[in-house]
Amino acid sequence: MKLAKAYEPKTYEPAIYALWETSGAFAPTGKGEPYSIIMPPPNANGNLHVGHAYMIPIEDILTRYYRMNGRDTIWIPGADHAGFETWVVFERSLEAAEKSRFDFPREELYKMTWDFVEQNRGNMELQLRALGASCDWSNLVFTLDQKVVDRVYQTFQKLWDDKLIYRGKRLVNYCTKHQTSFADIEVEYREEKTPLYYIKYGPFELATTRPETKFGDTAVAVHPSDKRYAKWVGQTVVIPGVNGDFEVQVVADEMVDLNFGTGVVKITPAHSFDDFEVAGRHNLPLKQAIDLDGKMTAVAGRFEGLPVLEARAAVVKAMEEMGLIIKVDKNYKTRIGRCYKCGTVIEPLPMEQWFVRVQPLAQRAKQVIENGQIKFVPAQKGRELVRYFDELRDWNISRQIPWGIPIPAFRRIKKPSDDSSNASDEWIFDTRVDKEEIDIDGVKYRRDEDTFDTWFSSGQWPFITTEYLEKGDLARFYPTSVMETGVDLLRQWVARMIMLGLYATDDVPFRDVFFHGLVLDEHGVKMSKSKGNVINPMDVIDEYGSDALRIGIVMNRSAGQAQAFSTASVVAGRNFCNKLWNIARFIESKISSNRGENSSSESSNGNSVNGDAEMTGSPPEGHGDVMSRGSLERISRDEELKFSPRLPENAKPQTIADHWILRQLDDARKQLDKHIKNYRFAEAIDTIYHVVWDDVADWFIEASKTTSQPEFLDYVLDVTLRLVHPFAPFVSETIWTTVHDDETLLIAQIWPEKLPFDQEKAGEFDQIRDLISNLRLVTAQLPSDKYDLLYQDDPLIAEHADLIQALAKLQSVKSVKRGRGLRLAAAGCQAWLDLSDELIYEHQTRLEVRLAETRQEIATLDKRLASPSYTAKAPAHLVEETRSQLKEKRALEARLMVELGV
RNA sequence: GGGUUUGUAGCUCAGUUGGCUAGAGCGCACGAUUCACAUUCGUGAGGUCGCAGGUUCAAGCCCUGCCAGACCCACCA
């Protein structure tokens, strides 16, 4: 059978994923301390973007790591109905069919959107699988699932009963095209040029960019300390306008900037957020001049019905004719809010909406963060939230799109005879939202047509998905262990989860929060469709493999920081997988040749025994072999599979290299534990990358070639695969399932515990390594040739002569009575490189440089130790360290001097 | 304007409570190589850690100021 030289991810990944999924390995075990992560639900009918390709690996590393550590682990996937995103796409498809939302009742629109989503659904879930997400699919939650709706209604009712919900006329950011209001964070502000009109305004002059809102003016404001206008404050003045005279009050308010324009501001409470606040402070009436279609209302008189911009032009013209315009600054620039989807200018408009009285919730959330009950990574994000909670204003939870959870509220239909003045009595809570009208004791009510802000439901996500309040099977996973999400969702999502979690469950929704930063393009520029610099993670997987993408994207990245995507890192990730693959190929070949001597029929598929073929067999066979495993009952998660390092009697570490590699792997294990605990994923990748490449491959495997012991090699591979698995699950599992014929899966194995090694022997290998490095350094400078190493009374060299000869590529290693040639500067050895005088002479300059460097270092250390304040104040162990360093350097200096023959 | 954050090798970035002789990947230079891997191996060059002060025995890390960039919030009618 042809030997596949390289690891081909595409050949194995889908089969490996299917194997995991069908084995039941993703499900919690019900044993051990719970560990839970809830996946921020990707858009159900969208595609994953490169941000997901960062988020999913992080969550998967955590999940796999804690699963291997014997925790009762669940990672709950989700799918988001993506209210607004989806609605925009769907509405565009309606427009394409020359239809509009106004042609259908709400139920039908909802159903149509549902079907639309259904058609486009599934991609996202396949892509999560391609990324290797080991999430529990059986517990996937869609944001419009009945259980979500039920719980959201109960929370709404609780808020309602606690008088934390109210109906208020508030200015909303309104897009007249989408016919919906937006949260502040959904409005995009851009600096734009717009004329600033200086106008005569009764006894005043003032500047405005929006003359058409004049019909909604109910006051003018001046600064309280402005002497120029003090006499007017409190009076009502008559303003001649294009529709005749009208009256406004003069009020004094701090919001006015003394130095801008004339220091006088016209107040239009219905169409400006600031003015609305001023109106609140001074009890000013609201006059609406613009309606929901962006056209002038009846208060505009003869301008009624004109769209805003036309009205502005017409009003300006009329004012010019009346001589009310003093001057126009055409180069004036201001920030204008626009709809982030369609670019329409956002109008501040007064609307009746549902609001959550948010401060009581916010203050509680703030307290929890200040008490340290939720750990933030990076920590400053917690402090940012504390400030945010203090400033947070009441939360508008109404949205005017049909694609969402209907608000369960009905308003009494007034009869002509009614004279109801108490507004709060008109609304009732009722969940029969499928009915347009309901009848209670002969009184008819009409439902609110609005839906909830998606953040209102996703803010309850942790306790909804775990069915905590319903005391469901997953309730033990609440609060969740960690919430992993993007920094951009700190306020809109994380803040709301904390507030609503505390409110509904009296507990924090999660213990830790980890924020990942934005993934930028290769040049550090934000990705966007319009710029055409979007990287599709599926293309990357296609070219380099899933593990490569995962390593490449997690490598060189720190929490909360926006950082560039690097193809070079993905390439490094792919090379790493290939390296691991080849380590396994090498070890497998040693094991199988060993087996070949002892037994005759070990192959599980009945083919002739050939390790290489088994390991790298062409895809159909490999695939079949892989697929034959993994039914649920075949996976044993029981005690006997526990990793207690299962070291066979004949696989004990023997050589110093054996002890050394166990020490290196054990160090790596400890490092990985620390890094994962601290959410330092880039460092963890770095650790695993180097222990596998530098230590296992470059030193241990190379050393093992002189004294091969297959059982021990097998053991090293076993440990290595376990350590690698959370980071590169596909390649590690592919190797595991191929080299083991015991039906186990790596995903269900236990993380290594302390490894058995002899510290002293490991140290001896360090010495040999040092000598080999030294030899390589010297010979690299010499003409390419093979040289002889001579040693004198050196048992360590004598014992490991073969190893040194092989790794340093020497011609021979010989014991001599008296050394000659170039004395080597490696610590604690009596060795010479047998060189001619000419070659020693050529090498001398290098040695001189090295000697000078060493002397410089000695001087530095000397100086440090000479300072009495250092020896007195620095910690004793550091002073001791400095002393031993100095001693070493002095010894090196002496050896170098011997080499140089000085 | 308020706040956060970044500035470390040619590029992308690490550097956890100050102990560093400042690291990694990629790139670059030189050399090697039939038999696990050219997606390889060995060796090396390359940094006054944005600038200027300060604290300390010791500063890439702490403090102050400045320069340059990014982001968030608020916003002038």
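Every chain is numbered from 1 and lettered A, B, ... according to where its sequence line falls, protein lines coming before strand lines.
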Steps toward salt bridge (Lys or Arg N to Asp or Glu O under 4.0 Å) verdict (A/E893, A/R855) | CA-CA 7 Å; A/E893 183 193 21; A/R855 283 181 170 156; 2.9 Å; yes
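For A/K579, the side-chain atoms get nearest to B/U40 when compared with the rest of B/G19, B/U40, B/C73. With B/A14, B/U39, B/C73 as the candidates, the nucleotide lying closest to the side chain of A/E8 is B/U39. Distance from the side chain of A/Y870 is smallest for B/G19 among the nucleotides B/A77, B/G19, B/G25. Of the candidates B/G44, B/A77, B/C37, the closest approach to any side-chain atom of A/E702 belongs to B/C37. Closest to the A/A697 side chain, of the nucleotides B/A77, B/G42, B/A36, is B/A36. Closest to the side chain of A/E857, from the set B/U21, B/A24, B/G15, is B/U21. Side-chain proximity of A/E391 to B/C73, B/G19, B/C37: nearest is B/C73. Set against B/A24, B/A36, B/U43, the side chain of A/D686 has B/A24 as its closest nucleotide. Distance from the side chain of A/N575 is smallest for B/U40 among the nucleotides B/U40, B/A36, B/U6. With B/A36, B/A77, B/U21 as the candidates, the nucleotide lying closest to the side chain of A/V265 is B/A77.
Within the nucleic acid shown, A/D488 has no heavy atom closer than 4.0 Å to any nucleic acid atom. Across all strands shown, A/L777 has heavy atoms under 4.0 Å from sugar-phosphate atoms exclusively, and none from any base. Counting any heavy atom pair closer than 4.0 Å across all strands shown, A/Q885 reaches no nucleic acid atom. A/K889 comes within 4.0 angstrom of a nucleotide base, judged by non-hydrogen atoms across all strands. Base contact: A/P875 has a heavy atom under 4.0 Å from a base atom. At the heavy-atom level, A/S272 lies nowhere under 4.0 Å from the strands shown. No contact: A/R383 has no heavy atom under 4.0 Å from any strand.
The phosphate of B/C11 (OP1 or OP2) has no side-chain N or O of A/H523 nearer than 4.0 angstrom. In terms of phosphate contacts, A/Q563 brings a side-chain nitrogen or oxygen within less than 4.0 Å of OP1 or OP2 of B/A14. Put simply, A/R864 has a side-chain N or O that comes within less than 4.0 Å of OP1 or OP2 on B/U21. Residue A/T208 places no side-chain N or O under 4.0 Å from the OP1 or OP2 atom of B/A77. The shortest distance between the side-chain N/O atoms of A/N582 and the OP1/OP2 oxygens of B/U39 is not below 4.0 Å. At B/C41, one or more side-chain N or O atoms of A/W693 fall inside 4.0 Å of OP1 or OP2 (strictly under the cut-off).
Note: A/W581 and A/F586 fail the aromatic proximity criterion, with ring centroids not under 6.0 Å apart. With ring centers used as reference points, A/F681 lies under 6.0 Å from A/F514.
Across all strands shown, the partner of B/C71 is B/G3, judged by Watson-Crick or G-U wobble contacts whose two distances both fall under 3.5 Å. Across every strand in view, B/G60 sits unpaired, with no contact that passes the Watson-Crick or G-U test at under 3.5 angstrom. In this structure, B/U34 makes no Watson-Crick or G-U wobble pair, since no nucleotide meets both defining distances under 3.5 angstrom. When both distances must be under 3.5 Å, the Watson-Crick or G-U wobble mate of B/C11 is B/G25. A 3.5 Å limit on both hydrogen-bonding distances identifies no Watson-Crick or G-U partner for B/G18.
With hydrogens and angles left out, the side chain of A/R680 and the base of B/U16 share a donor-acceptor pair within 3.5 Å. Side chain A/E683 to base B/A24: no donor-acceptor pair is found below 3.5 Å. A/K705 contributes a side-chain N or O that forms a donor-acceptor pair with the base of B/A36 under 3.5 Å.
Using cut-offs of 30° and 60° for the angle between ring planes, the A/F515 and A/F376 rings count as parallel.
Where A/S569 and A/D698 each meet RNA chain B at their nearest nucleotide, the meeting point lying more 5' is that of A/S569. Annotation: of the two residues near RNA chain B, A/R387 and A/S773, the 5′-most nearest-nucleotide partner is A/R387.
A/N533 places a side-chain N or O within 3.5 Å of a backbone atom of A/K526 that can act as its donor or acceptor partner.
Rounded to the nearest Å, the gap between the P atom of B/A32 and that of B/G69 is 49 Å.
Under the side-chain contact (heavy atoms from CB on, under 4.5 Å) rule, A/K375 has a single partner from A/I369, A/D512, A/V513, which is A/D512.
For the atom pair CD of A/Q805 and CG of A/L789, the computed distance is 9.5 Å after rounding to the nearest 0.5 Å.
Relative to the ring axis of A/F389, A/K366 does not place its NZ or CZ within 45° and under 6.0 Å from the centre.
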